[in-house]
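In what follows, a single structure is set out as structure tokens and then discussed.
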Amino acid sequence: MLIVGLGNPGQQYHNTRHNVGFMVIDELLKRHSHTQIKKTDFQGELFKVNSHYLLKPTTFMNLSGKSIAAVKKFYKIEDVVVIHDDLDLPFGALRFKRGGGHGGHNGLKSTDESISKEYMRVRMGIAKPTDNTKIVDWVLKEFSETEKPYLSKWIDSTCNAVEKILTQNFDDVSSQCSVKKITIAI
């Protein structure tokens with residue numbers, strides 16, 4: 001199985017909403033012994049954990065599909081899981097979906113064009129801006145001070161779900177691990 005975390009390379013994007021997929025991959029790598037695979041053709045940071053591959057595309061979000069397709073084709077991988085931010089879900093939500101549209105998410109659009117829409121998605125809610133902030137500015141913004149205390153637990157829960165996907169039925173994991181929203185104490 002190929003587990004992909006979507007995000008943008010570079011320190012300036014490290015803690016942004018658009019990079020929650022990268023954050024999950026980083027946490028999974030902390031949890032498991034792994035080997036890094038050095039192959040520039042993949043246009044990404046690729047790691048092997050047991051018989052699975054974890055990928056952080058370095059193509060920037062809008063071209064993520066190129067990296068995913070290269071790894072999928074080279075290793076002849078059938079099952080792909082893509083972890084990504086989702087504006088249509090409230091902050092802290094965790095939902096699961098197989099196939100479907102990209103909803104304006106350029107990383108998913110690129111993935112759909114490169115490998116088809118038939119992959120598993122782990123959707124992490126980042127909410128829409130409540131003010132007039134442009135969407136592009138919102139997704140490239142760091143989490144707020146009120147959201148930051150919940151971030152590590154949310155990433156941890158997402159990692160737990162991804163680990164279950166490796167050994168359990170995707171629909172069962174969706175039923176067990178979906179979170180509609182979290183309540184932020186003010």
Side-chain angles (χ1 to χ4, degrees), residues 2-30 40 42-47 54-71 80-97 100-115 117 119-159 161-162 179-186:
L2 174 59
I3 313 288
V4 181
L6 295 186
N8 285 311
Q11 193 59 37
Q12 69 271 34
Y13 302 110
H14 186 73
N15 292 315
T16 63
R17 296 170 191 280
H18 229 13
N19 274 38
V20 293
F22 276 16
M23 293 175 197
V24 172
I25 296 295
D26 289 341
E27 181 58 31
L28 286 167
L29 292 171
K30 288 179 190 173
T40 57
F42 294 151
Q43 299 180 53
E45 294 178 32
L46 182 65
F47 306 88
L54 279 66
L55 174 66
K56 291 169 50 177
T58 55
T59 54
F60 286 94
M61 185 67 76
N62 297 358
L63 300 173
S64 299
K66 285 183 167 187
S67 177
I68 296 167
V71 173
V80 177
V81 175
V82 175
I83 306 159
H84 65 91
D85 59 298
D86 194 317
L87 283 165
D88 294 325
L89 297 175
F91 170 76
L94 183 59
R95 303 296 282 277
F96 304 84
K97 182 178 181 180
H102 57 74
H105 192 293
N106 288 327
L108 294 179
K109 182 178 179 182
S110 174
T111 303
D112 292 354
E113 290 168 355
S114 299
I115 67 166
K117 298 177 181 186
Y119 55 92
M120 295 168 271
R121 301 167 190 210
V122 177
R123 303 166 58 208
M124 299 180 72
I126 61 167
K128 287 184 180 171
T130 55
D131 56 15
N132 289 333
T133 303
K134 292 180 181 174
I135 297 299
V136 71
D137 294 334
W138 178 256
V139 299
L140 296 177
K141 185 177 179 183
E142 289 193 13
F143 290 95
S144 71
E145 291 305 314
T146 55
E147 293 167 332
K148 284 180 183 176
Y150 300 91
L151 197 53
S152 64
K153 184 177 181 201
W154 182 37
I155 298 219
D156 192 53
S157 297
T158 305
C159 287
V162 169
V179 175
K180 288 187 178 186
K181 68 177 184 174
I182 61 170
T183 305
I184 297 178
I186 298 175

Exercise. Looking at OG1 of T111 and CG of L63, how far apart are the two atoms once the value is rounded to the nearest 0.5 Å?
Worked result: 10.0 Å
Exercise. Rounded to the nearest 0.5 Å, how far does CD1 of I126 lie from NZ of K141?
Worked result: 11.5 Å
Problem set entry | N132 CG: over 12 foreign heavy atoms closer than 6.0 Å | no
Seminar exercise, completed: P57 and G5 have their tightest heavy-atom pair at CD-O, 3.3 Å
Exercise. Do the non-hydrogen side-chain atoms of R121 and L108 ever get within less than 4.5 Å of each other?
Worked result: yes
Exercise. Roughly how far, to the nearest 0.5 Å, is CG of L55 from CZ of F47?
Worked result: 9.0 Å
Problem set entry | OG on S144 to CG on L151, rounded to 0.5 Å | 10.0 Å
Exercise. Side chain to side chain contact (heavy atoms under 4.5 Å, CB included) with I83: which of V24, L6, V20, L54?
Worked result: V24
For this session: Ignoring hydrogens and angles, tell me if any N or O in the side chain of S67 forms a donor-acceptor pair with the backbone of Q43 under 3.5 Å.
Result: yes
Exercise. Do any N or O atoms from the side chain of D86 and from the backbone of G125 form a donor-acceptor pair under 3.5 angstrom?
Worked result: no
Exercise. Taking all non-hydrogen atoms of both residues, which atom of T58 and which atom of P9 are closest, and how far apart?
Worked result: O-CG, 3.6 Å
Exercise. Side-chain donor-acceptor pair under 3.5 Å between D85 and H18, yes or no?
Worked result: yes
Exercise. For Y13, does its backbone N or O pair with a side-chain atom of N19 as donor and acceptor, under 3.5 Å?
Worked result: yes
For this session: Measure from the ring center of F91 to the ring center of F143 and say whether it is less than 6.0 Å.
Result: yes
For this session: Search all heavy atoms of V71 against all heavy atoms of L2 and return the closest pair with its distance.
Result: CG1-CD1, 3.9 Å
For this session: Can you measure from SG (C159) to CD1 (I25) and round to the nearest 0.5 angstrom?
Result: 8.0 Å
Exercise. Would you say the side chain of E142 lies within less than 4.5 Å of the side chain of K148, judging by non-hydrogen atoms?
Worked result: yes
Exercise. Stepwise, does the side-chain contact (heavy atoms from CB on, under 4.5 Å) test hold for Y119 with D112?
Worked result: CA-CA 9 Å; Y119 55 92; D112 292 354; 2.7 Å; yes
Exercise. Is the side chain of T158 donor-acceptor paired with the backbone N or O of W154 at a distance under 3.5 Å, no angle test?
Worked result: yes
Exercise. Judged by atom type as modelled, is there a donor-acceptor pair below 3.5 Å linking the side chain of W138 to the main-chain atoms of A127?
Worked result: yes
For this session: Measure from the side-chain N and O atoms of S110 to the backbone N and O of N106, and report whether any donor-acceptor pair falls under 3.5 Å.
Result: no
For this session: Flag the pair P129 / I135 as yes when at least one side-chain heavy-atom distance between them is below 4.5 Å, and no otherwise.
Result: yes
Exercise. When rounded to the nearest 0.5 angstrom, what distance separates OG1 in T130 from NZ in K128?
Worked result: 12.5 Å
For this session: Using the side chain to side chain contact (heavy atoms under 4.5 Å, CB included) rule, pick out the option among V81, V4, V82 that qualifies with V122.
Result: V81
Problem set entry | Minimum-distance pair of heavy atoms, taken over all atoms of V179 and G92 | CG1-O, 3.9 Å
Exercise. Tell me, do L94 and M124 make a side-chain contact under 4.5 Å, heavy atoms counted?
Worked result: yes
For this session: Check whether any side-chain heavy atom of L87 sits under 4.5 Å from a side-chain heavy atom of R17, and report yes or no.
Result: no
Exercise. Is the closest side-chain heavy-atom distance between H105 and M61 below 4.5 Å?
Worked result: yes
Exercise. So which heavy atom on G100 is nearest to which on K117, and how close?
Worked result: O-CD, 3.4 Å
Problem set entry | Test log, rule side-chain contact (heavy atoms from CB on, under 4.5 Å), inputs T16 and V139 | CA-CA 7 Å; T16 63; V139 299; over 6 Å; no
For this session: Check whether more than 12 heavy atoms from other residues, nucleotides or ligands sit under 6.0 Å from atom NZ of K97, and answer yes or no.
Result: yes
Problem set entry | V80 vs M120, side-chain contact (heavy atoms from CB on, under 4.5 Å): CA-CA, chis, key distance, verdict | CA-CA 6 Å; V80 177; M120 295 168 271; over 6 Å; no
